[in-house]
Student: 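Take this structure, written in structure tokens, and hold onto it; I'll ask about it next.
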Amino acid sequence: MDAARLELPADLRPRDGRFGSGPSKVRQEAVDRLAAAAPALLGTSHRRPAVKGQVRRIRDGLRTFFALPDGYEVVLGNGGATLFWDAAVHCLVERRSAHAVFGEFSTKFAEAARAAPFLDVPVVVSSAPGTHPHLEAVDGVDLYALTHCETSTGVAMPVTRPAGTRPEDALVAVDATSAAGGLPVDPAECDAYYFSPQKCFGSEGGLFVALLSPAALARVSALTASGRHVPAMLDLGLAAANSALDQTYNTPAVATLWLMGEQIDWLNEQGGLAWAAKDCAAKAAHLYDWAAARPDASPFVVDPAMRSAVVCTIDIDDAVDAGDVTSALRANGILDTEAYRKLGRNQIRVAVFPAVDPADVERLTGALDFLLTALRR
Ligand SMILES: *Cc1c(COP(=O)(O)O)cnc(C)c1O
């Protein structure tokens, strides 16, 4: 049976087939509106009001969306979450960091800290794929690194200050790249909540956005004045100073800014973070319940409390090759449901970010029912 030649019945095809974990679905309404706005926006100076207004729209919109506490700043710059790891190594870690490591992305930040010759070797607390570890206070650690949703495995962890830590001694930095905008959070529980716009914020990649607490901003000022060499692109002080002026240190992708601003406005109109978290949780519950009810599928994350409500990983029983399932989906226009390659499991991975229509998630499970039967070997 050639999986790629299986044709799905029309009623099982989602209207929009984008279920990727990033880049992820960009709402077509937003793209159409961008096209209409383009003549006065794209190809114009990022130091002039048209583009600065978009940076302002993002900063104001996120302040509302996250109900940011007084003193927290929305800081943005080029390079995405991956750049932010290096920026954090230079501007937020004083001597030693501790990392909850439970997948590809959390590993990368720990590696960036380990590679920095001016820092002590980081503390790494890891756990098996499909679970998350618990960080606790460690003497001498001045930054704790959490990952709100480990996109490689579909595990989510709560954002809370690790037990025994005091906000005046240690910062908490949270990689929220796939979580931000879809999972509930209290920004007061951390000092740096950072992400890229190509996941819940329905835009394109290339930018980082960080919600920085007063303590984080003070740490940035102290470390950038300490004599440590900080490359300008990694200097969060420069990023904060430019953000305060509604611009970025160097030239941004203007379309990315616009699409992000549009998505934030849309999310706020729907009911903000409370709406988005409820919407994502309902779509994820539909997928997990579907998997649990099937004899040949199951949620990869065994503990329901650790299951992400934005990135859902579903194990497929050996009787069906998950690669055949994702090939057949792809041939029918349903894209990017492949498992994270390095995890090496017979698995599919489905993102249910706010832009994804709940009716499309229901059509997707209908399509999966059809394919799991058709592709049984
Ligand atoms: C996607 C992702 C990243 C990488 O984001 P970039 O924008 O490619 O730098 C980092 N962390 C997590 C948790 C992610 O999901």
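In listed order, ligands and their atoms are each counted from 1.
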Student: Is the distance between the ring centroids of Phe208 and Tyr194 less than 6.0 Å?
Tutor: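 No, the ring of Phe208 stays outside the 6.0 Å limit from the ring of Tyr194, centre to centre.
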Student: Please list, in number order, the atoms of ligand 1 under 4.0 Å from a heavy atom of Cys149.
Tutor: 13 (C)
Student: Determine, for Asp142 against Arg219, whether the closest basic-nitrogen to carboxylate-oxygen distance falls under 4.0 angstrom.
Tutor: yes
Student: So, Tyr193 versus Tyr72, ring centres under 6.0 angstrom or not?
Tutor: no
Student: With a 4.0 Å cut-off, would you call Asp191 and Arg161 a salt bridge?
Tutor: yes
Student: Assess whether a salt bridge exists between Arg345 and Asp315, defined as any Lys/Arg side-chain N lying under 4.0 Å from an Asp/Glu carboxylate O.
Tutor: yes
Student: Looking only at protein heavy atoms, which one is nearest to atom 7 (O) of ligand 1, and what is the separation?
Tutor: Ser196 OG, 2.7 Å
Student: Counting only heavy atoms closer than 4.0 Å, does ligand 1 sit against the backbone of Gln198, its side chain, both, or neither?
Tutor: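 Contact part for Gln198 vs ligand 1: side chain (C-beta onward).
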Student: Heavy-atom distances under 4.0 Å decide this one: backbone, side chain, both or neither, for Thr82 against ligand 1?
Tutor: both
Student: Under a 3.5 Å distance rule, please check whether Ser243 uses its side chain to pair with a backbone N or O of Leu76 as donor and acceptor.
Tutor: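 Yes; judged by distance alone, with no hydrogens or angles, the pair exists.
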Student: Among all protein non-hydrogen atoms, which one is nearest to atom 10 (C) of ligand 1, and what is the separation to 0.1 Å?
Tutor: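 For this ligand atom, the closest protein heavy atom is Phe105 CD2, 3.4 Å.
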Student: Could an N or O of ligand 1 be found under 3.5 Å from any N or O of Trp85, whether backbone or side chain?
Tutor: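 So ligand 1 has no N or O lying under 3.5 Å from an N or O of Trp85.
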Student: Decide, yes or no, whether a salt bridge links Asp246 with Arg59 under the criterion of side-chain N to carboxylate O below 4.0 Å.
Tutor: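 Yes, this pair counts.
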Student: What residue and heavy atom of the protein are closest to atom 1 (C) of ligand 1, and at what distance?
Tutor: Lys199 NZ, 1.5 Å
Student: If you count the atoms of ligand 1 from 1 in the order shown, which ones are under 4.0 Å from a heavy atom of Thr151?
Tutor: 12 (C), 13 (C), 14 (C), 15 (O)
Student: Among all protein non-hydrogen atoms, which one is nearest to atom 11 (N) of ligand 1, and what is the separation to 0.1 Å?
Tutor: Asp175 OD2, 2.7 Å
